[in-house]
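So you know, we letter chains A, B, ... as the sequences are listed, proteins then strands, and number each from 1. Below, each value reflects all heavy atoms present in this structure, side chains not excepted, and no hydrogens, waters or symmetry copies.
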Amino acid sequence: MIDLRRLTDDEAYRQGALRKGADPSVIDNLVSLEPQLREAGVARDTIRAEANTANKAIGKAAPEERDAKIAAAGELKGKLTEAEAAYDAIAAQINDVILHVPNPAHESVPDGDEDHFELLHTHGEPGDAPPHDHADFAERMGFIETEHAVQMSGSRFAYLMGDAVRLELALVQYALATVSAHGFTPVIPPVLVRNEQMEKAGFFPTDRSTVYELPEDDMSLVGTSEVALAGLHRGDRLRDEDLPLRYAGFSSCFRREAGTYGKDTRGIFRVHQFDKVEMFSYSLPENSWDEFDKIQAIEEEIVQGLELPYRVINIPTGDLGAAAAKKHDLEVWLPSEGRYREITSCSNYLEFSARRLDTRTRSSEADGPGSRLVHTLNGTACAISRTLVYMFENHQQPDGSFVVPAALRPFCGLEVINPPE
RNA sequence: GGAGGGAUGGCAGAGCGGACGAUUGCGAUGGUCUUGAAAACCAUUGAGGUGAAAGCCUCCGGGGGUUCGAAUCCCCCUCCCUCCGCCA
């Protein structure tokens, strides 16, 4: 949730929201409502103070004075009800739209749609197209079965089988081992959460259409463990010296992929259900950009360990999610398509998400600041299905075998996987 | 799924319509005493908003209601505990 006060007072902040595509009339409306809300709040509190004083006097009053005092207090109550209604009406107008306003983009974020990203750097050499794309290769190797999966569950579902399962579990172990070495605590969170948490974590209402909901229970399946990790300190008052708090969630993720019909229908590049290890940090405000760099560095370390050629890009405003002030994507070379495609990403939400989650931190020093909203960040350690896709193409050999990257071998005991007879 | 009981400040635990933002104990912080520590004693000690400050407003699981006035009464929801049933 945006900072309404800052939206009103800080021109750069407001511009950042507009750059993200916020409706200018909505912003103008909010900016005009903010002083009204404050004024109505002061008016209401003033009357309330009078009423409180009058009510307290009744308790102390002599019995014969009571009736007159109660009558007087009754009048104040009428005025208070009006003042409260006036305030609530303005607050309701604000609440109707405020959750739709995105987190303002950081000044370093380029303008434009998804093609207007800024290339930060590349690593490794892109290879030539292999004989088989990932879907073909995986089918031949007995790694995935889609025919019956589609029959049973629909498109974008697959059975993962055989050594691919061992590779998947090795990737999980490898990712968890890597992030653990950087101070992230492994977590297996609930994947089913109340819709209330979807809202607090910033996914509702803006991304509602991408989520599987269970209306009977007012719950949803998470599209990422980020949702649950954001709930880990909901309403908490953390201590400055305990930050950063770093968690690595491992969970299945569920996405409706609405609006992607016809895109990436082959294989397991884009599926409704996949497993992912996700990093999530709670940071002091002044350190969050360092934390952002750290998360990106870990992502690069993981992809380098898998021996995949990649580049890092700065995502432009038009492709930035509602909650992110800035996002960097790692894109791996996908030989069959002859282009780089997303494998992981890291985002800094600043205090946008923490405001709804009410996650604050305070200094232990007596004269330090009272409490401040923390900054939250997240980044993909490893999205398993998609990582398998990149490995299937980049490590596929001319003889039809698959070479397991050295970093994964300790976790699965496999070096070379040969095609079935 | 059925029947009861509960949710109060970091923790424990009172309060059950008016001087309660909340008794008390523990913990924590500061001080006295001490070579130092412990003990004892004294003081301080929840949070959010607003304000330059004094102050004012809000918060006793969450939401509504009754009342001049609600931690306290009523309704709904959530969670926890006990018993019964069911179950990986």
Side-chain angles (χ1 to χ4, degrees), chain A residues 1-10 30 33-92 94-96 98-99 188-201 204 214-220 227-228 231-243 245 252 285 351-374:
Chain A
M1 186 168 65
I2 49 144
D3 183 342
L4 184 59
R5 190 69 177 274
R6 219 177 137 197
L7 192 71
T8 307
D9 297 342
D10 184 343
L30 280 172
L33 286 171
E34 196 274 340
Q36 292 181 43
L37 182 75
R38 239 190 301 173
E39 201 176 302
V42 170
R44 181 199 60 185
D45 287 354
T46 306
I47 297 172
R48 210 177 248 168
E50 284 178 48
N52 284 344
T53 309
N55 292 335
K56 280 181 182 157
I58 293 170
K60 299 178 201 168
E64 62 273 18
E65 293 176 323
R66 282 203 163 201
D67 286 345
K69 287 190 185 258
I70 286 173
E75 269 180 55
L76 275 174
K77 191 202 178 182
K79 286 168 72 179
L80 179 57
T81 306
E82 279 175 40
E84 283 174 339
Y87 178 89
D88 291 347
I90 297 167
I94 290 170
N95 289 337
D96 277 347
I98 195 164
L99 291 183
I188 296 182
V191 293
L192 207 47
V193 303
R194 289 218 172 90
N195 286 341
E196 168 195 72
Q197 176 63 15
M198 295 301 289
E199 186 177 299
K200 294 207 184 269
F204 282 4
L214 289 79
E216 292 271 302
D217 301 286
D218 200 25
M219 297 181 96
S220 295
V227 176
L232 204 44
H233 290 296
R234 206 172 101 179
D236 283 359
R237 299 291 173 265
L238 305 171
R239 290 181 306 180
D240 286 3
E241 60 266 33
D242 293 334
L243 295 178
L245 285 165
S252 292
E351 84 310 329
F352 185 83
S353 183
R355 184 170 292 110
R356 286 242 69 193
L357 294 163
D358 192 28
T359 302
R360 293 172 170 272
T361 181
R362 61 182 164 209
S363 165
S364 52
E365 290 167 35
D367 56 353
S371 79
R372 304 175 288 165
L373 291 166
V374 300

Roughly how far, to the nearest 0.5 Å, is the CG atom of Leu357(A) from the CZ atom of Arg355(A)?
11.0 Å
Please state the C1' separation for the pair C60(B) and G17(B) - nearest whole angstrom.
15 Å
In whole Å, measure the gap between the P atoms of C68(B) and G49(B) for me.
33 Å
Would you mind reading off the distance between Asp218(A) atom CG and G63(B) atom P, rounded to a whole angstrom?
17 Å
To the nearest Å, how far apart are Glu65(A) CD and G69(B) P?
20 Å
From CG of Asp88(A) over to C1' of U58(B), roughly how many Å is that when rounded to an integer?
13 Å
Picking from G18(B), C79(B), C57(B), the nucleotide nearest the side-chain atoms of Arg194(A) would be C79(B)
What is the base-pairing partner of C41(B), counting Watson-Crick and G-U wobble geometry with both distances under 3.5 Å?
G31(B)
In Watson-Crick or G-U wobble terms, both distances under 3.5 Å, what is the partner of A12(B)?
U24(B)
Among C57(B), G51(B), G69(B), the one nearest any side-chain atom of Arg48(A) is C57(B)
For G1(B), the nucleotide meeting Watson-Crick or G-U wobble distances (both under 3.5 Å) is C84(B)
Quantified in whole Å, what is the C1' atom distance between nucleotide U24(B) and nucleotide U32(B)?
24 Å
Any base atoms under 4.0 Å from Asn52(A), or only sugar-phosphate, or nothing? Heavy atoms, all strands.
sugar-phosphate
Looking at Lys69(A) and Glu65(A), is there a salt bridge between them, counting it only when a charged N and a carboxylate O are closer than 4.0 Å?
no
Please give the nucleotide sitting opposite G55(B) as a Watson-Crick or G-U wobble pair, both distances under 3.5 Å, or none.
U50(B)
Any donor-acceptor pair under 3.5 Å between the side chain of Arg66(A) and the base of G18(B)?
yes
Using atom C1' of each nucleotide, how far apart are G65(B) and A70(B) to the nearest Å?
11 Å
Rounded distance in Å between the P positions of G25(B) and C74(B):
32 Å
Partner nucleotide of C79(B) by Watson-Crick or wobble geometry (both distances under 3.5 Å):
G6(B)
